[in-house]
Amino acid sequence: MDFDDSSDQFVRPPEAPVFTPTAAEFVNPVDFISKIRPTIEKTGICKIRPPQGWTPPFAVNVESFKFVPRVQKINELEATTRVKLIFLHKLFKFWELQGVVLRVPTVNRKPLDIHKLYKIVVEEGGYDKVTSGDKWTHIANTRMGLPVNASKCYPSVIKSHYEKILLPYDMFESRTRHAQSVPGESLTVKEEVGDSTNPEVTKPQFHTAGKNIAVSSGAKIEEKTTGGMGPPTLPRRAMRDRSKASYLESEICRICSKTDNESDILSCTNCDESYHRYCLVPRVSRILRGDWRCPQCVAKEYKKPTEVFGFEQSNTPYTLAEFGIAADKFKQSYFNKASVSYIDVEKEFWRLTRSINESVTVLYGADVHALTNGSGFPTEPNDDLSCEDEKYITSPWNLNNLAVNERSVLRYVSGDVSGMKVPWCYVGMCFSSFCWHIEDHWSYSINYNHWGEPKTWYGVPSSHAEQLEMVVRTDQCAGEFIVTAPRAFHAGFNQGYNFAEAVNFCPADWLPMGRASVHNYKQVKRFCVFSHEELICKMAADADNLDLTIAVETHKELLAIVDQERKSRKKLLEHGVKNAERKAFELLPDDERQCHYCKTTCFLSAITCKCEPDKTMCIEHALELCACPGDRKCLRYRYTLDEFPALIRNLGSRVEAYQKWVRDSRAAFNTTKLKDRVSFNVLRQLFLEAKEKDYPDNNLFRSLQRAVKDAEKYVGLVKEVVNRKARSRRHTDPAMRSAARRLSIADLKKLCSELAALACNIKDYGLVEELLKKGMQFQTDVHEALSLEPREREKLVKLHEVGLSLDLDLSEMGDLEQAVEQTKWIKDVEESMAVDEDDLITIDELIILVRRGHELPVHPDVDKVVTELEELLRLSQSWEEKASICLQASPKHTLSTIEAIITECKDVNVYMPNMESLKESVERSLEWKLKAEQALNPSHLHPTLDSLHSLVAKAKTLPIKLDLVNNVNSIIQKVDEWKSEAVSHFVRKESTDSLLDVLLPRQTSKPLTPRKKQQMKKASRQQRLLKNREKDNSSVMADRLLDSKFATENVYEKFASQEVESMKLERLSNQTADSSKLCHCGINPTGSMFQCDLCQRWLHYSCSDFSSNGPTSKSETIKILLCSNCARSNRPKLDVIHRILISLQKIPARFEEAEAVQYLTERVINWQQKALMLMEQTDYRQLNKKFSVIKAKNSFWKGKEAEQEEYEKHLETKPLPDHDYISPQNIPSKKTDYPVFDIPDVEPTKEFCQKLEMILVEGLLVEVTVPESEHLHSFYKTLSEYNLNGLQPPPPLKAKPPRKQVLSLRDENIKSASNSSVSINKPTQEAVISSTTSSHKETKSRRRKGDRKNSTGQKKKKRIVIEITEEEEDWGEYDENCAAVDGCLLPDEESISWVQCERCKQWFHFACIGMTPKELGNGDYFCVLCQPSDSDKGDLVIGELDSKSDGGLSIKTVDDPLKCSTEDGILVFPPLSNDAMS
């Protein structure tokens, strides 16, 4: 393993490859491993992670599984440490044999590493070279790492220690290695060699030959003397007894053969030989104390062999549980923490292997036989195995099945070879390890970690097996496989407690490696596990059942084995061996057929001799058997030479097609000339044949696969290159052409060279070469064209087209495109500047041209044109900016100023948008000026208002100051002022009609619903008054008012006639309408209602636009009732119209409203003529006279009823006066003198009434107030009141009392009132009460207020107050009949009080009128609509309710004035009784 020399730290090797097969790849382990074999062979080991979900159960019986672990000492595992320990052992033994106790000296306060010093000196060339070369300083400071210290002089210290301790040993080792054991050659040492503080020898213990040295920790190694550091003494064996006879012989020096200087003679403890101390080399300075051995004895003792290194077995068997407890306890106590990282464990493991002082002992349950103890994988069904886990029994990844897989040759090996065919189990603990080794017969191995902590693996590929370098590592976690390649050294250790299982397997590709392993075993004389020859022959005999991959490799092996066997037998025959016999070696035990020389297992043949019949030799080492002649030896054979061809043919029949495929494939690869190569189709057919027939996945197959794959890539590339022209024609866009990467000339050259290097001939290769030639010729032409001056644009463009057609990545295309762009740009500039005035170049185009010019590469022609364009651009932008300022100037410039600017920039031939706008504005201004002059000075008709508005609007859009705009605005202002005045006179406040709507005849008479009126009221008054005529009802007419044909075609008269006819139909429809459809709101007739004088429709006051006091009118003498649809205007007087027409003459413009006023005036004048003609008729005069007499009579007798009765009796005897009617002049002076009123006897005709009605309708349709209209309307009202000829309209509808029975009575009264009958039958108060009482329960409480008189003594009208409690009846019925104007408040009191209006007879809640019965007291109640005004109190017709026998109500008239009365401003004509009419 690698260690950092400077820090002595462990350096982690690179990681081994990890494979994660898919479920499909994981089906067969042999196939998958064969697929990844190239990678495994490079690294030696790899890790395989099964697919997710592959989790086999642990099938070992934990209770019965027992094993005896091995005892491992960690510091004896590492080879370097073990070598160092052996060296120290020899060194200490060397000095001990000479009677010296070695002490390791200390240098720089550290024990001297004498082994390292010894190695360094040897590496530097030995002691003599180091000393002569003065290298001790280099060794001390550089190699040993000692500091440079002048005061201590470490080089001299190192040299001194080497001479004392290591130099004698080195000399002895050298002489021993060279076998120079000359007598007298010995070592001279001193009593003490350094000190003994080196920890390297404080606790050494070795399993080696010779005497073991065991020194307790901290003990010093002392010299075996009695005098400590004193002078040397003779050894005990050297102190001979001088009295012996052989004393003189024993004192003879073996080197000099002299006996002199007896005091300097040393005697060997073992052999008793004597030596002068100065005769020894090197000399011994003094006589040593203790035992001393001569050089011969030392060498003899030193040569004893050492023990073989190995692990001891523990004396205690363990179960899994017991071993797990011990393993966890050891790791916990060693690291003294709960968890430790795998990296830290790995570093600590390798530190221990290099430690001399520290020895850690662990246990490892290795090589536990799965056949006897049980496998971790399930092998047979049992009760503890689930149905889902039974699939793992037959799984090919089950290690019990992998070794005998159909594609593993081990299945043909006889017997259950433990560890190879039968798995071994391994139970590990922290630091327990497996040393460097390779598998038997160099086979594959696979290891599976069932559970527990990881195993750390190290591997070396077979290519570096001899040097044991290029190491990789990996951590095998639980559930992972580790696979080792053939002859791959591997080792490792366990991170903690775990359980693993391993087995060997041999696919077909292993067979050559297996034969090589047997050959290696012969050389090292190692026993074989099985016979490789037997395996090959056994498979050859079963050729029909062999996998094709195995059959092919077996055929190769069989040929090689048979060939070698032929040669060996031929040599035996040459050596005279003629005796032979057949022997079934497979029936013999392996130890009976092993070669005595190389230990291999014989199968095909063996040699025996009569001299030693039990001694067997393989045929390869036959000559090593004995020296007997050949006729005494016998060849034992399994097959004859003639039987081998049959075995070969048996295999050949299966591999013949394969061999042909191999020959063809190799022939395809071996062809060198391009023209002789096979085509791509042939090569691909060979590959497809191999796939279809499932040929072996060997190097040839993979080479063919790669060749086809490469060829397919080039086929597509060549096709793409050849067809690129067609694609370029399809895609004219350069972006589309460049979508795929284009080839350069270099790429094309490389492509041609690669095509030439392919194993096949690619179609269209010649076209690629032709394209390369065209590309190279194109490069030459481009260089020539660019060097010309001036450059020819046509030639450049043509070359550019050629380059595009080639569709190659040509470096010249850049320069060529630049040149083309430059010439094209110059041409574009010339064409852009050469256009006529109608198509000038724009500023944007000019900017683009300048920008394009700057983007082009620098060139004199380009720079010159760019300068000219920039100057033109500057001028155009300057004028454009001036034009923009003029267009946005405030105040605006005059027309003359703008014309001067335009004239000044006429020489700039650039299209400037602002300048063109300015020119266009000048043209439009001149055109506007002409139109304005024509409008202000018309030759025939004044301009229309729309044309004036159009002139002003156009003037606002022009950026030029125009003097005539103020004149046009003045006219428009006058028109607006005139319209405002007309609106104030005509249009009613809050009206939704425009001025034109009022002035023109109405087109429709459909009433507006309340919702529609509310929507229209949301608009502002100005919008409603001045709204666009396209939205008016009279838009049809308004659009034609200014038309010259409007007057000639009498359009206005036609629309006026249509208006009258439409009103006639509407009046008729309203007069005959159902009572439930009177008001447009659709609610039944309730509350106070009135009838429109124009359309004759009955309406609620709340549904009209009038206030609660009723509609108002401009008339001072008569009040006209109009609904909101009929009352369109304020109906100004005729003199106001005259003033408006006079002011209109001062406005020099024509507009619709002016025309409409003129037509309206003409219509009013025409109507006045009709009205005057009617008033001149006799019928009108007579009827008017009659009405006047009646009014005078009623006025005279008002308040004098008793006198009138007396006077009328007087008239019966006194003739009438001569005058027609009474007047103030002829009123009698005495009360007894009363006038007689002679009423003309005249009645209106039907024709007269119809004519009067139509004239009144036409007058109301004309939105102007004239005296004739008021007079005729008053006459018509009077005529209707007297009910002449059935012309009286129905009286106003009154509200219903809050009872259904009373409502029916009032409906009958309303219907009777609509007829010509004068008397109106109403239920008396008592009837109302009685009818109400009869329709309700008797539990309802009512209270009735009694009659009371006024101050004059007259009996006032009766008022009824009804109070209804909540217990009596649901008050919701009364809520429907409450006539409150502002709506009922829905009172929820316990008792509800009602009150009836004295005039309209409608019922109200007290809560809804804001009063209480107590506040009202005994007074009369009048509703809001019936309260009389001060001016009308004297004219109010007062009547009393009079009970009739039929239960109805009749009115007894108290006063019958001729003058009509008003109620809250509403005109009321009370109906007259028959007596009053008479």
Asks: Using a 3.5 Å distance criterion without hydrogens, assess whether the side chain of R988 forms a donor-acceptor pair with backbone atoms of A1127.
Replies: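 Yes.
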Asks: If you round to the nearest 0.5 Å, how far is OG of S832 from CD of E845?
Replies: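 Here the rounded value is 6.5 Å.
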Asks: Under 3.5 Å, is there a donor-acceptor pair between the T957 and R924 side chains?
Replies: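 A donor-acceptor contact under 3.5 Å links the two side chains.
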Asks: Any salt bridge between K929 and D963, counting N to O under 4.0 Å?
Replies: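 Salt bridge between K929 and D963, a charged N being under 4.0 Å from a carboxylate O: no.
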Asks: Can you give me the closest heavy-atom contact between I1140 and A982, atom names plus distance?
Replies: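 Result for this residue pair: CD1-CA, 4.3 Å.
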Asks: Sub-3.5 Å donor-acceptor pair from the side chain of S970 to the main-chain atoms of N966, do we have one?
Replies: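 Such a contact is absent between S970 side chain and N966 backbone.
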Asks: Look up atom OG1 in T1161 and atom CG in N1166, then write down how far apart they are to the nearest 0.5 Å.
Replies: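 Going from the OG1 atom of T1161 to the CG atom of N1166 covers 11.0 Å.
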Asks: Is any side-chain heavy atom of F986 less than 4.5 Å from a side-chain heavy atom of L1160?
Replies: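 SC-SC contact between F986 and L1160 confirmed.
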Asks: If every non-hydrogen atom of K974 is compared with every non-hydrogen atom of K1146, which pair is closest and at what distance?
Replies: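 That would be NZ-O, 4.5 Å.
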Asks: I'd like to know if the side chain of S994 pairs up with that of D997 as donor and acceptor (distance under 3.5 Å, no hydrogens or angles considered).
Replies: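 Side chains of S994 and D997: pair found under 3.5 Å.
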Asks: Step by step, work out the side-chain contact (heavy atoms from CB on, under 4.5 Å) result for L1260 and R1131.
Replies: CA-CA 9 Å; L1260 292 177; R1131 296 181 177 271; 4.2 Å; yes
Asks: What pairs with W978 under ring-ring contact (aromatic ring centres under 6.0 Å, His included), at least two apart in sequence or on another chain?
Replies: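 Only F1151 meet the ring-ring contact (aromatic ring centres under 6.0 Å, His included) criterion with W978.
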Asks: I'd like to know if the side chain of K892 and the backbone of L958 have a donor-acceptor N/O pair within less than 3.5 Å.
Replies: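 Checked: pair present.
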Asks: Search all heavy atoms of I841 against all heavy atoms of L846 and return the closest pair with its distance.
Replies: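 For I841 versus L846, the nearest heavy atoms are CD1-CD1, 3.9 Å.
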Asks: Could you pull out the closest heavy-atom pair between V1264 and P1132, with the gap in Å?
Replies: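 Closest pair (atom of V1264, atom of P1132, distance): CG1-O, 3.1 Å.
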Asks: Does one side chain, of S950 or S947, offer a donor that lies under 3.5 Å from an acceptor on the other?
Replies: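 Looking only at side-chain atoms, S947 and S950 do not form any donor-acceptor pair under 3.5 Å.
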Asks: Can a donor-acceptor pair be found, under 3.5 Å and without considering hydrogens, that links the side chain of S980 to the backbone of D976?
Replies: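 Judged by distance alone, yes, a pair lies under 3.5 Å.
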Asks: Has E868 got more than 12 heavy atoms of other residues, nucleotides or ligands less than 6.0 Å from its CD?
Replies: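 Yes - once you tally the heavy atoms of other residues, nucleotides and ligands closer than 6.0 Å, there are more than 12.
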Asks: Begin with the C-alpha distance, continue with both residues' side-chain angles, and end with the deciding distance and a verdict on side-chain contact (heavy atoms from CB on, under 4.5 Å) for V865 and L849.
Replies: CA-CA 10 Å; V865 177; L849 286 175; over 6 Å; no
Asks: Closer than 4.0 angstrom, basic N to acidic O: yes or no for E1155 and R1150?
Replies: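 R1150 and E1155: not salt-bridged.
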Asks: Do you know which two heavy atoms are closest between E1059 and P1001, and how far apart they sit?
Replies: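 That would be OE1-CB, 3.3 Å.
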Asks: Kindly indicate whether the side chain of I901, heavy atoms from C-beta on, has any atom under 4.5 Å from the side chain of C886.
Replies: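 SC-SC contact between I901 and C886 confirmed.
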Asks: Which atom names give the shortest non-hydrogen contact between L999 and A1156, and what distance separates them?
Replies: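 Looking at all heavy atoms of both residues, the closest pair is CB-CB, 3.7 Å.
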Asks: Test salt bridge (charged side-chain N to carboxylate O under 4.0 Å, His left out) on K795 and D781; report intermediate values, then the result.
Replies: CA-CA 10 Å; K795 187 174 182 180; D781 296 340; over 6 Å; no
Asks: Does any N or O in the side chain of E801 come within less than 3.5 Å of the main-chain N or O of K798, such that one atom is a donor and the other an acceptor?
Replies: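 Not at all, since once roles are kept as given, no pair shorter than 3.5 Å links the two residues.
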Asks: Once you round to the nearest 0.5 Å, how far does CZ of R1139 lie from NZ of K1133?
Replies: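 Here the interatomic distance stands at 10.5 Å.
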Asks: Could you tell me whether the side chain of W1167 and the main chain of I1255 form a donor-acceptor pair under 3.5 Å?
Replies: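 Confirmed, W1167 side chain pairs with I1255 backbone.
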Asks: Assess whether side-chain contact (heavy atoms from CB on, under 4.5 Å) is satisfied between S876 and Y911, documenting all intermediate values.
Replies: CA-CA 8 Å; S876 60; Y911 175 77; over 6 Å; no
Asks: Between S884 (side chain only) and E880 (backbone N and O only), is there a donor and an acceptor less than 3.5 Å apart?
Replies: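 Between the backbone of E880 and the side chain of S884 there is no qualifying donor-acceptor contact (under 3.5 Å).
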Asks: Is there a salt bridge (charged side-chain N to carboxylate O under 4.0 Å, His left out) between K919 and E916 once you walk through the steps?
Replies: CA-CA 5 Å; K919 291 179 182 179; E916 292 298 325; 3.7 Å; yes
Asks: Please check this pair: side chain of R1097 against backbone of R1067, looking for a donor-acceptor N/O pair closer than 3.5 Å.
Replies: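 Answer holds: no.
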Asks: Between the main-chain N or O of L1121 and the side-chain N or O of D1093, is there a donor-acceptor pair closer than 3.5 Å?
Replies: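 Flag set: sc D1093 to bb L1121 pair under 3.5 Å.
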Asks: Could you tell me whether the side chain of V866 reaches within less than 4.5 Å of the side chain of D863, counting heavy atoms only?
Replies: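 Not touching, per the 4.5 Å side-chain cut-off.
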Asks: Answer whether the closest heavy-atom distance between the side chains of T894 and I960 falls below 4.5 Å.
Replies: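 Side chain of T894 against side chain of I960, heavy atoms only: no contact under 4.5 Å found.
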Asks: Side chains of Q822 and W825, heavy atoms from C-beta outward: is any pair under 4.5 Å?
Replies: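 Q822 vs W825: side chains apart.
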Asks: Hey, does the side chain of S1069 reach the backbone of E1066 with a donor-acceptor pair shorter than 3.5 angstrom?
Replies: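 Such a contact is absent between S1069 side chain and E1066 backbone.
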Asks: Any side-chain heavy atom of L786 sitting closer than 4.5 Å to one from V782?
Replies: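 They are in side-chain contact.
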Asks: If you measure from CG on L816 to CG on L810, what distance do you get to the nearest 0.5 Å?
Replies: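 It is 9.5 Å, given to the nearest 0.5 Å.
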Asks: I would like to know whether E1061 and K1064 meet salt bridge (charged side-chain N to carboxylate O under 4.0 Å, His left out); could you show each step before the answer?
Replies: CA-CA 5 Å; E1061 295 299 326; K1064 289 180 181 179; 3.6 Å; yes
Asks: Flag yes if more than 12 heavy atoms outside K1170 fall under 6.0 Å of its NZ atom; otherwise flag no.
Replies: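 No - once you tally the heavy atoms of other residues, nucleotides and ligands closer than 6.0 Å, there are 12 at most.
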Asks: What do the steps show when you test C1123 against C1095 for side-chain contact (heavy atoms from CB on, under 4.5 Å), and what is the final call?
Replies: CA-CA 8 Å; C1123 64; C1095 66; 3.7 Å; yes
Asks: Nearest 0.5 Å, what's the CD-CG distance between Q1158 and L1144?
Replies: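 If we round to the nearest 0.5 Å, Q1158:CD and L1144:CG are 5.5 Å apart.
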Asks: How long is the span from the CG atom in L951 to the CG atom in N969, to the nearest 0.5 Å?
Replies: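 If I round to the nearest 0.5 Å, the distance is 10.0 Å.
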Asks: So, do L869 and L873 sit near enough that their side-chain heavy atoms are less than 4.5 Å apart?
Replies: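 The answer is no, as the side chains (C-beta and beyond) never meet within the 4.5 Å cut-off.
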Asks: Flag this pair as yes if the NZ/CZ of K931 is under 6.0 angstrom from the six-membered ring centre of W928 and inside a 45 degree cone about the axis; otherwise no.
Replies: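 Output no; distance or angle outside limits.
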Asks: Check the surroundings of atom NZ in K961: do more than 12 heavy atoms from other residues, nucleotides or ligands lie under 6.0 Å from it?
Replies: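 Atom NZ in K961 is not crowded, with 12 or fewer foreign heavy atoms closer than 6.0 Å.
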Asks: Got N1130 and H985 here, is their nearest side-chain heavy-atom distance under 4.5 Å?
Replies: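 The answer is no, as the side chains (C-beta and beyond) never meet within the 4.5 Å cut-off.
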Asks: Do we see a donor-acceptor contact under 3.5 Å between the side chains of H854 and E870?
Replies: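 On atom types as modelled, these side chains qualify, holding a pair under 3.5 Å.
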